[in-house]
A.B. asks: 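Can you read through this structure? Questions will come right after.
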Amino acid sequence: MVGVVLVSHSGPLADELVRLARQIGGADVPLAGAGGTDDGGLGTSPDLVSRAIEEVDRGDGVVLIPDLGSSVLTARLMEGPGVVIADVPFVEGTIAAVVSAGSGASLEDVVAAAEEARTFRKL
Amino acid sequence: MAGPDDRARDTGGTGNADGMSDTNGAGGAHEANAANGTTRAGTTRGLNGAGGTTGTGGLDAALFAAWAEEIAAAVRADRDRLTALDSAIGDADHGANLDRGFTAVAEALAGGRPDTPGALLSLVGNTLIRKVGGASGPLYGMAFREAGKALGDAPAVSLADLDEALAAGLAGIRKLGSATEGDKTMVDALAPALRALTQAVQEGQDPAEAVGAAAEAALAGAQATIPMQARKGRASYLGPRSVGHEDPGAASTALIVRALHAAVSRTAGAPGETSRRAPEGPA
């Protein structure tokens with residue numbers, strides 16, 4: 001199953017989105033938050049992100065979903081074989097990715113599902 | 001200071017800052033000074049090849065360690081100014097973030113200084129990436145890491161090698177941040193600085209003079225961000241309201257290049273270039 005890592009400027013924001021996505025998207029998807037700095041401040045920690053990637057990697061690939069600013073730049077440093085960034089709205093893209101991953105979709109399909117969230121209209 | 005400043009501005013149209021692969025082969029220069037590899041902290045041998053600016057590797061790990069220390073001191077001294085700039089159009093953490101990052105760099109170097117310029121800059125880059133926290137961490141971290149990679153494992157490098165390595169660093173920043181000149185970012189200070197440095201290298205200037213020209217150009221570049229409208233980062237959300245403020249990233253880049261000038265001047269012992277505050281500009 002494809003893993004998903006939520007990279008945020010804020011630890012509590014990432015953790016809360018993990019909770020929401022588990023509830024809506026399914027409890028089985030390997031999902032981890034990596035928000036804030038090592039000491040719990042606002043910002044991004046490459047160490048936390050790489051630890052989260054290891055935690056959710058089941059061998060089928062990992063999608064990184066950053067929110068903004070340093071999260072995006074830190075996520076870009078982590079890109080590599082099997083680790084891709086989805087350039088999507090943080091909340092909506094996460095839900096779409098987790099639902100898709102939970103259905104057993106491939107890495108490519110999970111990213112595509114997340115990207116659909118960018119054009120999905122609410123009204 | 002008017003001279004180097006004018007010259008730096010005049011190089012504005014060359015547009016060669018990110019295509020540096022045409023500079024002289026680094027490999028030969030790297031091998032030329034293997035005997036310098038045993039230099040230890042505290043020596044004054046950083047510019048033992050100061051007479052020749054190309055082809056001979058005169059800039060050793062001690063010089064690059066001095067640069068990192070100069071940056072750490074300058075960031076500490078200007079921490080509040082950087083944060084004030086960042087509070088105008090950013091999230092008011094640039095000074096604190098950089099201070100945390102370069103303090104960690106200074107600690108890492110105190111714990112054991114790498115023997116080569118390449119390894120030293122890589123250590124600086126990796127430390128910044130891990131410790132800064134804000135967007136400047138990955139950006140500056142990538143720049144130092146790429147510069148370190150470009151210098152390979154030579155025990156000492158030439159000014160031309162340094163120029164080439166810093167161009168690799170700028171390319172790293174551009175790739176990661178997708179920024180170009182005019183976006184109101186650190187690129188607006190670093191790109192003109194490297195154009196000035198490249199020109200100075202081509203003119204055969206000595207290291208202190210050449211890096212002085214780069215520092216002047218970086219400062220002018222940072223000040224030129226004031227009328228710009230931001231197209232990257234948090235400031236871009238402000239649209240036209242980002243106009244009228246100096247970009248904090250460009251300001252810190254100017255400070256970093258100024259620190260290189262201070263380190264080179266100090267190591268070279270050049271007359272009249274003893275202050276780490278020079279070249280000074282308005283806050």
Side-chain angles (χ1 to χ4, degrees), chain A residues 5-15 17 32-55 62-81 83-93 111 115 118, chain B residues 83 86-87 89-101 103-104 107 122 125-146 149 169 171-179 183 185-187 230-238 247-249 252:
Chain A
V5 172
L6 310 182
V7 187
S8 174
H9 214 61
S10 152
L13 182 59
D15 294 344
L17 185 51
T37 56
D38 291 336
D39 52 6
L42 292 176
T44 320
S45 158
D47 289 347
L48 289 181
V49 177
S50 65
R51 221 174 296 153
I53 292 171
E54 281 171 30
E55 187 187 323
V62 175
V63 180
L64 306 180
I65 304 182
D67 58 358
L68 41 80
S70 63
S71 307
V72 180
L73 299 174
T74 301
R76 290 191 72 171
L77 293 175
M78 304 291 168
E79 279 183 297
V83 180
V84 299
I85 296 177
D87 177 9
V88 300
F90 196 49
V91 177
E92 293 86 341
V111 172
E115 281 176 350
R118 204 189 306 148
Chain B
T83 290
D86 197 30
S87 66
I89 56 173
D91 52 358
D93 62 2
H94 192 51
N97 283 346
L98 279 191
D99 189 20
R100 179 168 57 239
T103 298
E107 285 167 5
S122 296
N126 289 329
T127 305
L128 292 177
I129 286 172
R130 291 187 55 223
K131 295 295 181 186
V132 167
S136 56
L139 290 167
Y140 281 136
M142 174 68 98
F144 279 100
R145 213 160 71 171
E146 291 293 305
K149 205 191 293 175
I173 288 181
R174 281 184 157 143
K175 182 160 172 267
L176 188 60
S178 308
D183 284 348
T185 71
M186 46 181 74
V187 172
R231 289 197 291 256
K232 290 286 168 191
R234 182 192 181 280
S236 65
Y237 301 144
L238 293 172
D247 178 65
S252 61

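Below, each value reflects all heavy atoms present in this structure, side chains not excepted, and no hydrogens, waters or symmetry copies.
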A.B. asks: Considering residues at least two apart in sequence or located in another chain, which fulfil the side-chain contact (heavy atoms from CB on, under 4.5 Å) criterion with A:Glu55?
C.D. replies: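 For A:Glu55, the residues satisfying side-chain contact (heavy atoms from CB on, under 4.5 Å) (neighbours in sequence not counted) are A:Ala32.
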
A.B. asks: Scan the side chains in residues 132-143 of chain B for donor-acceptor partners under 3.5 Å anywhere in the protein, sequence neighbours excluded, and list what turns up.
C.D. replies:
unit_1   : atom_1 : unit_2   : atom_2 : d
B:Tyr140 : OH     : B:Gly249 : O      : 3.0
B:Tyr140 : OH     : B:Ser252 : OG     : 2.6
B:Tyr140 : OH     : B:Thr253 : N      : 3.0
B:Tyr140 : OH     : B:Thr253 : OG1    : 2.7

A.B. asks: Got a sec: does the CZ of A:Arg76 have more than 12 other heavy atoms crowding it under 6.0 Å?
C.D. replies: yes

A.B. asks: Would you mind checking which part of B:Arg234 comes under 4.5 Å of any heavy atom in chain A, side chain (CB onward), backbone (N, CA, C, O), both or neither?
C.D. replies: neither

A.B. asks: For B:Ile129 versus A:Leu77, what's the shortest heavy-atom pair and its separation?
C.D. replies: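 Minimum heavy-atom contact is CG2-CD1, 3.6 Å.
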
A.B. asks: Where along residues 41-50 of chain A does a heavy atom come under 4.5 Å of chain B, listed by residue number?
C.D. replies: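 At a heavy-atom separation under 4.5 Å, chain B is reached by A:Gly43, A:Thr44, A:Pro46, A:Asp47.
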
A.B. asks: In chain order, what residues pass the side-chain hydrogen bond (donor to acceptor under 3.5 Å, both in side chains) check against B:Asp91, with sequence neighbours excluded?
C.D. replies: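 Not a single residue meets the side-chain hydrogen bond (donor to acceptor under 3.5 Å, both in side chains) criterion with B:Asp91.
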
